[in-house]
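Note that this is a predicted model, so its numbers are computed, not measured. In listed order, ligands and their atoms are each counted from 1.
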Amino acid sequence: MSQDTIPWSREEFEARLRAKEKYYHIHHPYHVLMASGELNREQIQGWVANRFYYQITIPRKDSAIMANCPDRETRRKWMQRVMDHDGYGDDPGGIEAWIQLGIACGLSREDITSLRHVLPGVRFAVDAYLNFARTATWQEAACSSLTELFAPTIHKQRLAGWPDLYPWIAADGLAYFRKRVTQASRDVEHGIEITLDHFKTREQQERALEILQFKLDILWSMLDAMYLAYVDKKPPYFNIA
Ligand SMILES: O=C(O)c1cc(C(=O)O)c2c(n1)C(=O)C(=O)c1cc(C(=O)O)[nH]c1-2
């Protein structure tokens with residue numbers, strides 16, 4: 001066997017997945033501005049309104065994964081993700097918490113839920129995630145959720161920074177981020193287990209890295225669209241009279 005066809009050990013494979021952090025959207029210029037307090041009110045509102053489209057797509061994406069998964073034990077665990085976002089019983093869930101974040105930033109519920117601020121580039125990127133989950137195998141789709149490996153850090157960064165950087169945002173609006181720190185860590189334990197168990201050959205392991213990169217591309221492209229619209233002030237058709 002030549003060197004590049006020998007499968008990586010479980011540890012090496014996991015380390016290579018984790019090394020993808022270097023492409024996480026925490027490093028995108030839009031996010032860097034956000035984390036240093038340099039976004040204005042309209043730019044924060046634009047981000048929250050656009051990200052709402054991601055938030056409402058996540059439980060559809062997770063339901064698509066379950067629809068493709070014949071393994072009951074996996075579905076029993078995966079179901080929690082849908083409930084986290086849609087809510088269950090007395091818990092209004094993450095989508096409602098995101099709306100509360102938007103309201104805390106000065107948007108109305110209707111501004112957010114109408115999707116009128118969602119940029120085409122953000123819509124296309126998010127739709128690509130949903131379409132991937134619908135058509136890929138459930139293990140590949142599970143692997144694509146692994147950007148969540150890097151999410152607790154980004155949520156904690158906002159929780160630590162926003163109260164001082166953006167004092168005009170009501171503090172109770174940040175509840176979504178607080179909840180996600182533990183939810184994302186739990187999700188990722190399951191996602192990584194599926195990935196390490198399923199992608200065994202070197203070719204499959206390399207495929208897993210490509211899938212993770214595809215998901216990183218989605219998150220990065222969403223912020224590219226927002227940067228062009230809200231920082232460069234060149235939203236679609238800006239130059240058309
Ligand atoms: O705010 C963020 O930066 C961020 C990133 C990600 C991610 O890395 O995909 C998720 C979330 N938040 C999030 O809140 C969330 O519920 C979530 C679910 C998933 C997924 O792929 O299943 N990613 C993310």
Side-chain angles (χ1 to χ4, degrees), residues 17-18 20-35 39 44 47-66 68-69 74 77-87 91 93-102 105 122 125-134 136 138-162 173-192 194-195 208 211-223 226:
L17 290 164
R18 289 184 184 276
K20 287 278 184 188
E21 196 279 336
K22 90 183 220 213
Y23 302 109
Y24 197 46
H25 63 176
I26 197 169
H27 307 297
H28 189 285
Y30 203 91
H31 210 277
V32 172
L33 289 174
M34 185 190 293
L39 292 187
I44 291 277
W47 177 76
V48 172
N50 275 273
R51 261 292 299 266
F52 185 67
Y53 191 60
Y54 188 69
Q55 303 308 128
I56 59 173
T57 304
I58 294 285
R60 299 179 66 204
K61 179 274 294 184
D62 286 318
S63 302
I65 294 176
M66 286 200 291
N68 286 333
C69 177
T74 303
K77 286 192 193 162
W78 208 271
M79 229 156 70
Q80 186 61 47
R81 298 179 186 233
V82 177
M83 293 192 291
D84 285 345
H85 289 277
D86 284 339
D91 173 12
I95 291 174
E96 179 57 30
W98 196 272
I99 294 171
Q100 293 305 321
L101 169 65
C105 294
V122 168
V126 173
D127 287 348
Y129 190 28
L130 177 57
N131 286 328
F132 178 75
R134 282 178 172 152
W138 63 270
Q139 295 96 335
E140 286 187 329
C143 173
S144 71
S145 74
L146 288 184
T147 47
E148 280 203 280
L149 279 168
F150 321 125
T153 306
I154 213 169
H155 294 308
K156 283 184 204 160
Q157 186 192 59
R158 295 173 192 139
L159 285 164
W162 283 29
L174 307 185
Y176 179 82
F177 302 138
R178 202 162 293 116
K179 271 219 155 157
R180 278 316 293 175
V181 173
T182 42
Q183 290 175 347
S185 305
R186 182 213 54 214
D187 286 357
V188 118
E189 250 176 65
H190 187 207
I192 197 99
I194 292 171
T195 303
I211 291 169
L212 185 51
Q213 185 62 53
F214 158 77
K215 170 69 173 305
L216 290 160
D217 294 347
I218 287 168
L219 295 173
W220 195 272
S221 300
M222 289 168 67
L223 290 179
M226 291 184 232

Looking only at protein heavy atoms, which one is nearest to [atom], and how far off is it?
{"atom": "atom 8 (O) of ligand 1", "result": "Tyr24 OH, 2.7 Å"}
{"atom": "atom 21 (O) of ligand 1", "result": "Tyr129 OH, 2.5 Å"}
{"atom": "atom 10 (C) of ligand 1", "result": "Tyr54 CE2, 3.8 Å"}
{"atom": "atom 22 (O) of ligand 1", "result": "Lys61 NZ, 2.6 Å"}
{"atom": "atom 17 (C) of ligand 1", "result": "Glu148 OE2, 3.8 Å"}
{"atom": "atom 12 (N) of ligand 1", "result": "Arg51 NH2, 3.2 Å"}

As an exercise, identify every atom of ligand 1 less than 4.0 angstrom from a heavy atom of [X].
{"X": "Ser145", "result": "21 (O), 22 (O)"}
{"X": "Lys215", "result": "9 (O), 20 (C), 21 (O)"}
{"X": "Ile154", "result": "2 (C), 3 (O)"}
{"X": "Leu219", "result": "7 (C), 8 (O), 9 (O)"}

Measuring from [X]:[atom1] to [Y]:[atom2], what's the distance to the nearest 0.5 Å?
{"X": "Lys61", "Y": "Phe132", "atom1": "NZ", "atom2": "CZ", "answer": "10.5 Å"}
{"X": "Ile95", "Y": "Ile58", "atom1": "CD1", "atom2": "CD1", "answer": "9.5 Å"}
{"X": "Ile65", "Y": "Met79", "atom1": "CD1", "atom2": "CE", "answer": "14.5 Å"}
{"X": "Ser63", "Y": "Asn68", "atom1": "OG", "atom2": "CG", "answer": "11.0 Å"}

Does [X] approach ligand 1 within less than 4.0 angstrom via side chain, backbone, both or neither, non-hydrogen atoms only?
{"X": "Tyr176", "value": "side chain"}
{"X": "Lys179", "value": "neither"}
{"X": "Asp187", "value": "neither"}

[X]-ligand 1 polar pair, N/O distance under 3.5 Å:
{"X": "Trp47", "answer": "no"}
{"X": "Thr147", "answer": "yes"}
{"X": "His25", "answer": "yes"}

Return a table of donor-acceptor pairs under 3.5 angstrom between the side chains of residues 145-153 and protein atoms on other chains or two or more places apart.
| from | atom 1 | to | atom 2 | distance (Å) |
| --- | --- | --- | --- | --- |
| Ser145 | OG | Ala142 | O | 2.7 |
| Thr147 | OG1 | Lys215 | NZ | 2.6 |
| Glu148 | OE2 | Arg180 | NH2 | 2.5 |

I'd like to know whether OH of Tyr54 has more than 12 heavy-atom contacts from other residues, nucleotides or ligands below 6.0 angstrom.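 Buried by this count: over 12 neighbours within 6.0 Å.
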Residue Lys20 excluded, over 12 heavy atoms near NZ under 6.0 Å: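 Result for NZ/Lys20: enclosed.
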Where Leu212 and Cys143 come nearest, the two heavy atoms and their spacing: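 What the structure gives for the nearest pair is CD1-O, 4.4 Å.
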Please give me the minimum heavy-atom distance between Ile44 and Met34, naming the atom from each residue.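 Closest approach of Ile44 to Met34: CD1-CG, 4.2 Å.
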Report yes or no: does Arg178 contribute a side-chain atom to a donor-acceptor pair with the main-chain N or O of Leu159 at less than 3.5 Å?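 Answer holds: no.
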Check the angle between the aromatic planes of His25 and His31 and answer parallel, tilted or perpendicular using the 30° and 60° thresholds.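 Ring orientation, 0 to 90° scale: parallel.
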Run the contact test for Gln183 against ligand 1 with a 4.0 Å cut-off on heavy atoms, strictly below, and give the result.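 No, that is not the case, since the closest heavy atom of the residue is not under 4.0 Å from the ligand.
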